[in-house]
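This report refers to the structure that appears directly beneath it.
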Protein chains: 2
Amino acid sequence: MAETKANTIDTQIDGSCLAAKARLVSRAVSSIYDEELRPLGIKVSQLNILVLTYHLGIARPAVVCEMLHLDTSTVSRNVERMRAKGWLEVVPEAGRAQPFRLTRAGEDVIKKAEPAWKAAQERAQQLLGDDLVQALSKPLGELCAGGSQR
Amino acid sequence: MAETKANTIDTQIDGSCLAAKARLVSRAVSSIYDEELRPLGIKVSQLNILVLTYHLGIARPAVVCEMLHLDTSTVSRNVERMRAKGWLEVVPEAGRAQPFRLTRAGEDVIKKAEPAWKAAQERAQQLLGDDLVQALSKPLGELCAGGSQR
DNA sequence: GACCTAAATATGTATATACAATTTGCATAT
DNA sequence: ATATGCAAATTGTATATACATATTTAGGTC
């Protein structure tokens, strides 16, 4: 018998909700990386954009948006914050485009973040377990609108 | 040396980053649910707390925090927003505790959200693919510090 | 060339989220 | 009874994120 209390409704929404799980995993994993990276003054959200920028060389906001499934406004403001920190710089170009690239300081951040990132990656593998790690390691189908071409 | 261009560094941080993947999946999946739920005026983040509250009957903030891996301040403010909408109510209790429960309006929201949630769940399964769905469906080890003990 | 539309970016506003600091109520030792 | 300390929750502040709206500019069409 269920609850002592009055459950006047009955729902099918429960622990099987993929959004709940995905968000839980995201929070848990992010917190591991952020904890390891904290001494360096960067969070994994920004580090990911730096690393992608490194791989792209010259990064166009629209491309970053599509590859990371981020809204343009989100990228706009994240880039602005990292520009303010001197990690990115906008590449002068004609037109509306505002492509950006790493500065030397941005490269240094990536370089210095490596040990922390590796430690976090190992902790995350432990936490998630082989099945999830494997599943996440495969190219994420429609999700990686660019994840494989690098 | 290798690059003509200014790749003065070489990093091991790349597409294998579990945080990047987990966050990408979270954003992509969340957007599916939020899109389906939009007509109802709720997002999956809040719906999850409502559903958990439904299962708990009386929900203590600290318990919700641990089960969902959320900071106490996050729960505090999410609950406040849903209280303002009339979906949750605080249960008077001695001490510092502020346990809360669903209101009738909160129950209605869950009830009315079911079709949208199911549609989103199917779309998410399609997007993620069997391996990821399977991996996410298993009890998430240390992650579900309460997923099973209810 | 003036005009219109489509694409790329930025801005306004709101929620989600976390960390640090503060408040609050309770237990307990002295 | 007081001080001490602990546990739970809130508040201050900052970032991450998205949607709606505005802005800017490149290309066409006439």
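Residue numbers start from 1 in every chain, and the chains themselves are labelled A, B, ... in the order their sequence lines are given, proteins ahead of strands.
For the salt bridge (Lys or Arg N to Asp or Glu O under 4.0 Å) condition, no pair includes a residue of residues 109-118 of chain A, sequence neighbours left out. Screening residues 82-92 of chain B for salt bridge (Lys or Arg N to Asp or Glu O under 4.0 Å), with sequence neighbours left out, gives B:E80-B:R83, B:E89-B:R101. Contacts classified as salt bridge (Lys or Arg N to Asp or Glu O under 4.0 Å) and involving residues 123-136 of chain A (residues at least two apart or in different chains) are given here: A:E35-A:R123, A:E36-A:R123, A:D131-B:K138.
Checking D:dA16, D:dA9, D:dA18 against the side-chain heavy atoms of A:L70 singles out D:dA18 as nearest.
The nearest whole Å value for the distance from the CD1 atom in B:I32 to the P atom in D:dA18 is 13 Å. One atom, NZ of B:K43, and another, P of C:dA16, lie 5 Å apart when rounded to the nearest Å. A:F100 has its CZ atom 9 Å from the P atom of C:dT9, to the nearest Å. The distance between atom CD of B:E35 and atom P of D:dA20, rounded to the nearest whole Å, is 11 Å. Atom CZ of B:R23 is separated from atom P of C:dA16 by 16 Å (rounded to the nearest Å). The CG-P distance, from B:L37 to D:dA18, rounds to 16 Å in whole Å. Going from atom CD of B:Q46 over to atom C1' of C:dA14 covers 11 Å, rounded to whole Å. Rounding to whole angstrom units, CG of residue A:D71 and P of C:dT13 are separated by 17 Å.
Rounding to the nearest 0.5 Å gives a distance of 12.5 Å between CG of A:N48 and NZ of A:K43. Interatomic distance, OG1 of B:T53 versus CZ of B:F100, reported as 4.0 Å (0.5 Å rounding).
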Mind listing the side-chain donor-acceptor pairs of residues 16-25 of chain B below 3.5 Å, one per line with the distance, residues two or more places apart or on another chain?
residue	atom	partner	partner atom	Å
B:S16	OG	B:D14	OD1	2.7
B:K21	NZ	A:L136	O	2.9
B:K21	NZ	A:S137	O	3.4
B:R23	NH1	A:S30	OG	2.9

Polar pairs (N or O, both sides) under 3.5 Å between protein and nucleotides 23-25 of chain C?
residue	atom	partner	partner atom	Å
C:dT24	O2	B:R96	NE	3.4

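Side-chain N/O atoms of B:R27 include none lying less than 4.0 angstrom from OP1 or OP2 on D:dA16. Listed pair B:S45 / C:dA16 meets the phosphate criterion, a side-chain N or O lying under 4.0 Å from OP1 or OP2. In terms of phosphate contacts, B:R38 brings a side-chain nitrogen or oxygen within less than 4.0 Å of OP1 or OP2 of D:dC19. Proximity of A:Q98 to the phosphate of C:dA8: no side-chain N or O atom is located under 4.0 Å from OP1 or OP2.
Counting only distance, with no hydrogens or angles, the side chain of B:N78 and the backbone of B:I49 share no donor-acceptor pair below 3.5 Å. B:S26 places no side-chain N or O within donor-acceptor distance of the main-chain N or O of A:S26, the cut-off being under 3.5 Å.
Comparing B:V63 and A:I49 by the nucleotide of DNA chain D that holds the closest heavy atom to each, the one mapping nearer the 5' end is B:V63. Map A:S31 and A:P61 each onto its nearest nucleotide of DNA chain C; the residue landing nearer the 5' end is A:P61.
The stretch residues 73-82 of chain A touches DNA chain C through A:S73, A:S76, A:R77, each having a heavy atom within less than 4.0 Å of the strand.
Grouping the Ile, Leu, Val, Met, Phe, Trp and Tyr side chains by contacts below 4.5 angstrom, directly or via other members, places A:L56 apart from A:V90.
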Test side chain to side chain contact (heavy atoms under 4.5 Å, CB included) on A:T11 and B:Y54; report intermediate values, then the result. CA-CA 9 Å; A:T11 183; B:Y54 159 73; 3.5 Å; yes

